[in-house]
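In what follows, a structure is listed as structure tokens, so that the remarks can point back to it.
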Amino acid sequence: MRCEVVAVGTELLLGQIVDTNSAWIGEQLALAGIDCLFQTKVGDNFGRIEATLRQALERSDAVIVCGGLGPTQDDITRDVIAEVMGAELVRDDELEDRIRSMFGSRGRFMPENNLRQADVPVGARVMDQMPGTAPGLICPVTIAGEEKVVFAVPGVPWEMQEMVAGTVVPELRRRMGETAVIRSRVIRTWGHSESGIAEMLHDRIVELDELGNPTLAFLASGADGLKVRITAKAATEAEAEKILAAEVDLLAPILGGFVFSIRDWSMEQEVLDLLTSQGRTLATAESVTGGLIAKRLTDIPGGSSAFRGSVVSYASEVKFDVLGVPEGPVISEETAIAMAEGACRVLGASCAISTTGVAGPEEQEGQPVGTVWIGLCIDGEAEAHRVHLPGDRSRIREFTCISALHLLRSRLLAGG
Ligand code: ATP
């Protein structure tokens, strides 16, 4: 089964939006064992979309077209598909009712243009999922006597994702005669490079290359850590899950303290969970991160049971006056420790993390860009660690957040 993706939208060509849809679809197809040979971007132009689609259909068995299914005049994907199928567009009464009732239930006026979305090429099927008003279409096409298929899905990422996961991938796998189940699990790590992690897992990688199932993939995800994704294929979901669980049990101990989640949770989710299970509360005192750690912690719903709050002590006087840091150089071990102790005291928490450092672009207090002190205070015991982080200002700040949370997590697991 050769498949390809065509992303429609002039904004994609102008760089106004990044084509994350094709990347996401590519990943899903790879996971499902479906070859994706080309990904093309084309503007909202009838002739050029038609030429792109015809070329894709000549060399592939299935084409996923995303975007251009909306109600406006430049949304012409369905017209082009009808042309390529050599079919009329006919209004589907059931779809028309659904679109009208969607607007009705939200109490909104429906511009007549929206009913264009109920037009379906004769011979095409409508996908079951309908998260927005644009329905996804499954369109059989015969090219030089060969049966091919075009899947049309909306450009809005979450609508597209629901349809690709719910209909397109299962349909493609069915056409391949594939009945096996594919499942993945992700182990997240922090503190080691991709090559370092690969080296630790070298022996197992060699074994798995021979076995062929499960497979491993590494995904460097910036301040979300380095992900090790395990993918298993089996006859049933239960069997696939069993293979995954056994592989996680094998790999996690090899990776040891670099692992922060074996359930694809973010560092902040894992830290909040651990704090809650240990009955502890956390405060942050943030200089170089300016509240980013607090933001990450408060992005998680329900975090307030463990997270007390943050003092964004960016100016030195705030460190001195609010947190009780002794006057002196602020990018230092003493300051990081005093900030963490101050945060515990001022915010009434049993533990705290603090950050003070140089995010750049200029050096500070004679310290180079990337120098960061992370302070920790757990049950009155304080310490600080210096790290040197790479990258620009934003990367240094993001990496400081995850490094600080990782340090806290490791200490909490080690018993404070
Ligand atoms: P709708 O009817 O829901 O508007 P549509 O099929 O007409 O769907 P588009 O108008 O092409 O979709 O795109 C809608 C929005 O979806 C765009 O403004 C953009 O934010 C996002 N989008 C479209 N294509 C992509 C893409 N390839 N990658 C990421 N986002 C995209």
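All ligand and atom numbering here is 1-based and tracks the order in the structure. All of these numbers come straight from a predicted model, not from anything done at the bench.
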May I ask you to say whether R98 pairs ionically with D93, meaning some side-chain N is under 4.0 Å from a carboxylate O? no

Salt-bridge criterion met for R296 and E398 (N-O under 4.0 Å): yes

Which protein non-hydrogen atom lies closest to atom 26 (C) of ligand 1, naming both residue and atom, and how far is it? N21 ND2, 3.2 Å

Going by an N to O cut-off under 4.0 Å, is there a salt bridge joining R386 and E333? no

With a 4.0 Å cut-off on heavy atoms, does E11 reach ligand 1? yes

What residue and heavy atom of the protein are closest to atom 14 (C) of ligand 1, and at what distance? V156 CG2, 3.8 Å

Residue pair F151 / E171, side-chain heavy-atom distance below 4.5 Å: yes

Under 4.0 Å from a heavy atom of V18: give me the atoms of ligand 1 that qualify, with their elements. 28 (N), 29 (C)

Strictly by ring pair (Phe, Tyr, Trp, His ring centres under 6.0 Å), give each pair with a member in residues 240-259 just once, sequence neighbours left out. H192-F258

Taking N or O atoms only and a 3.5 Å limit, does P157 qualify as a polar contact for ligand 1? no

Could you see which bit of P154 sits under 4.0 Å from ligand 1, with heavy atoms only: side chain, backbone, both or neither? both

Working to the nearest 0.5 Å, report the span between CH2 of W190 and CG of D224. 9.0 Å

Any salt bridge linking R188 with D264? Criterion: basic side-chain nitrogen under 4.0 Å from a carboxylate oxygen. yes

For ligand 1, is there an atom lying under 4.0 Å from some heavy atom of T133? no

Closest protein heavy atom to atom 19 (C) of ligand 1, given as residue, atom name and distance to 0.1 Å: I17 CD1, 3.5 Å

Looking only at heavy atoms, is any part of E159 under 4.0 Å from ligand 1, and if so is it the side chain, the backbone, or both, or is it neither? side chain

Out of all atoms in ligand 1, which are within 4.0 Å of some heavy atom of A134? Include the element for each. 2 (O)

Below 3.5 Å, N or O to N or O, backbone or side chain included: is there any such pair between C66 and ligand 1? no

Near Q117, which atoms of ligand 1 are under 4.0 Å from a heavy atom of that residue? 2 (O)

Look at E247 together with R204 and state whether they make a salt bridge at an N to O cut-off of under 4.0 Å. yes

Could you tell me if R59 sits above the aromatic ring of F38, with its cationic atom closer than 6.0 Å to the ring centre and no more than 45 degrees from the axis? yes

Can you find a pair of side-chain heavy atoms, one from F103 and one from P111, that are under 4.5 Å apart? yes

Could you name each residue pair satisfying salt bridge (charged side-chain N to carboxylate O under 4.0 Å, His left out) that touches residues 45-58, not counting sequence neighbours? E50-R54

Is it the side chain (CB and beyond), the backbone, both or neither of L12 that lies under 4.0 Å from ligand 1, heavy atoms counted? side chain

Show the atoms of ligand 1 that are less than 4.0 angstrom away from any heavy atom in T20. 28 (N), 29 (C)

How far is atom 27 (N) of ligand 1 from the closest protein heavy atom, and which atom is that? D19 OD1, 2.7 Å

Pick from G68, S22, G70: the one approaching atom 9 (P) of ligand 1 most closely through a non-hydrogen atom: G68

Which protein heavy atom lies closest to atom 6 (O) of ligand 1, and at what distance to 0.1 Å? L69 N, 2.8 Å

Indicate, as side chain, backbone, both or neither, the part of D75 found under 4.0 angstrom from ligand 1 when only non-hydrogen atoms are considered. side chain

Any carboxylate oxygen within less than 4.0 angstrom of a Lys/Arg side-chain nitrogen, looking at D273 and R263? yes

Below 3.5 angstrom, do we get any N/O pair linking G155 and ligand 1? yes

So for G9, does at least one of its heavy atoms come nearer than 4.0 angstrom to any atom of ligand 1? no

